[in-house]
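For ligands, and for the atoms within them, numbers begin at 1 and follow the listed sequence.
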Amino acid sequence: MSGAPAPLRPYAGQRVLLGVSGGIASYKSAWLARLLTLAGAEVDVVMTPAALEFVGAITFEALTGRPVHSQIFGAGNALDHVKLAKAARAIVVAPATADFCARAATGQANDLLSAILLAADCPVLLVPAMNDRMWAHAQTKENVAHLHKLGYRVLPPDEGMLAAGEGSGPGRMPEPETIFAYAGWLLEDHHALGGKRIVVTAGPTREPVDPVRFLSNHSSGKMGAAIAAAAWRRGAEVVLIAGPGNIVAPPGACVVRVETTEQMRDAVARAIDDADALIMAAAPADFRPATPASQKIKKGDGAPAPLELAPTPDILVSTIAARRPGAVVVGFALETTDLLANARAKLGRKELDLVVANDATEEGAGFGVDTNRVTLVGREGAEERLPLMDKREVADVILDRVVRLLDGR
Ligand code: CTP
């Protein structure tokens, strides 16, 4: 197979109900509706009468390609609340205003959206967004505590710029991408990885030459971030140890940022003693300048002094003793020649259960791109060559293997 893979539609066929209540943050809900629709979900948007004062139903209809619901009364709407609630695999209310939180906490059903919550039998995520003083009010706090008790999941607001003229504080609705990630978490089956602790590494490391220069590589961290996101969505507790770079971490993961290979080794050693799995997707620098200069190296007049290099620790090898017995360990092998022989050698030398091998010279594979073409090499020698795939799909295949290995322990 060649060429770019088809766009991912991980939620194809899944009905997601997006509730929008009447707050200014509802302008961001349009983008959330778009993200869910692009991911393949069938999005039923339900707006409160107050939400219609902020954003027009037509915006959501155009983005989702489906009718928007807002009336509990009226000809043709009888039992809409029950039908919509039954059809939903997950419900996300974003924004959930202070008023909506109060109504949901007291089980009121005086509009379509609040009635749906009472009739629902699926996971519900409420995303409160309001002015910082309203969020800080004791009544709101009590309402939110009660929402937790009732089994609703509540994504707390971010701290940041509020609506025009209101300065900054806690109350701002998290970005649609973050809410979208939580919607993915709601839709996923948490059975296989629930209660498991998974450590994932991602990205390059940097070894200082002097205070302004470093040695590194082209790793973007996309593969590791995709694995961390997939593991979190499947219910695992995830520690993502990431080198420098713009990694988009899953919102529910504990992220540890490191700079050098030695720092990554220390972070891995600290995290793995109670981990069920370690997935080393990072590309740590293998060498560092032996004696980094404490001041910037100047051009001077003559030729630059040759850079003397020293090896960095091999993280997988040097943390073997720190692994929890029975932990599943997955390594990567990025090669330019003899892919499978090199991968098998790493499997033995680093005491791995699985190696994800890829050839850096193949188009669409390796660093920086969104896709990868990998071969999975198992401990018993079994090899599985996968087609060119989006890194998020590769992450799912790797996690399927990790689940199987954990089940066999
Ligand atoms: N790795 C590691 N510590 C290092 C370098 C790599 O733990 N200092 C891990 C990587 O995260 C990966 C695996 O080892 O999971 C293989 O990495 P790779 O760069 O392919 O191989 P190296 O071990 O660096 O060996 P070589 O450079 O000889 O290919």
Mind checking the [atom1]-[atom2] spacing from [X] to [Y]? Nearest 0.5 Å is all I need.
| X | Y | atom1 | atom2 | result |
| --- | --- | --- | --- | --- |
| Met264 | Thr201 | CE | OG1 | 5.5 Å |
| Ile279 | Leu399 | CD1 | CG | 5.0 Å |
| His146 | Tyr152 | NE2 | OH | 9.5 Å |
| Leu147 | Arg153 | CG | CZ | 13.0 Å |

At what distance is the nearest protein heavy atom to [atom], and which residue and atom is it?
| atom | value |
| --- | --- |
| atom 1 (N) of ligand 1 | Lys350 NZ, 3.7 Å |
| atom 26 (P) of ligand 1 | Lys346 NZ, 4.0 Å |
| atom 11 (O) of ligand 1 | Ala282 O, 2.7 Å |
| atom 6 (C) of ligand 1 | Pro284 CD, 3.7 Å |
| atom 2 (C) of ligand 1 | Ile315 N, 3.5 Å |
| atom 12 (C) of ligand 1 | Phe332 O, 3.2 Å |

Give a yes or no on whether a salt bridge exists between [X] and [Y], defined as a side-chain N under 4.0 angstrom from a carboxylate O.
| X | Y | value |
| --- | --- | --- |
| Asp121 | Lys86 | no |
| Arg288 | Glu207 | no |
| Arg404 | Asp407 | no |

- Would you call Ala333 a ligand 1 contact, heavy-atom distance under 4.0 Å?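 For ligand 1, residue contact (heavy atoms, under 4.0 Å) with Ala333 is present.
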- Query: Are any of the heavy atoms in Pro313 under 4.0 Å away from ligand 1?
  - Reply: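 Pro313: in contact with ligand 1 (<4.0 Å).
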- Identity of the nearest option to atom 7 (O) of ligand 1, non-hydrogen atoms only, from Leu334, Leu316, Ile279, Leu278: Leu316
- Query: Quick one: do the Thr106 and Gln108 side chains pair a donor with an acceptor below 3.5 Å?
  - Reply: yes
- Query: Backbone or side chain, does any N or O of Ala285 fall under 3.5 Å from an N or O of ligand 1?
  - Reply: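 In this structure, Ala285 places no N or O atom under 3.5 Å from an N or O of ligand 1.
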Considering the heavy atoms of [X], write down every atom of ligand 1 situated less than 4.0 Å from one of them.
| X | value |
| --- | --- |
| Gly331 | 15 (O) |
| Asp314 | 2 (C), 3 (N), 4 (C), 7 (O), 8 (N), 23 (O) |
| Asp286 | 4 (C), 5 (C), 8 (N), 24 (O), 27 (O) |

- Look up atom 21 (O) of ligand 1 and tell me if a protein heavy atom lies less than 4.0 Å from it?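 For atom 21 (O) of ligand 1 the answer is yes, since some protein heavy atom falls inside 4.0 Å.
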Show every donor-acceptor pair shorter than 3.5 Å between a side-chain atom in residues 332-341 and any protein atom, with sequence neighbours excluded, or say none if there are none.
residue : atom : partner : partner atom : Å
Glu335  : OE1  : Asn342  : ND2          : 3.4
Glu335  : OE2  : Lys346  : NZ           : 2.4

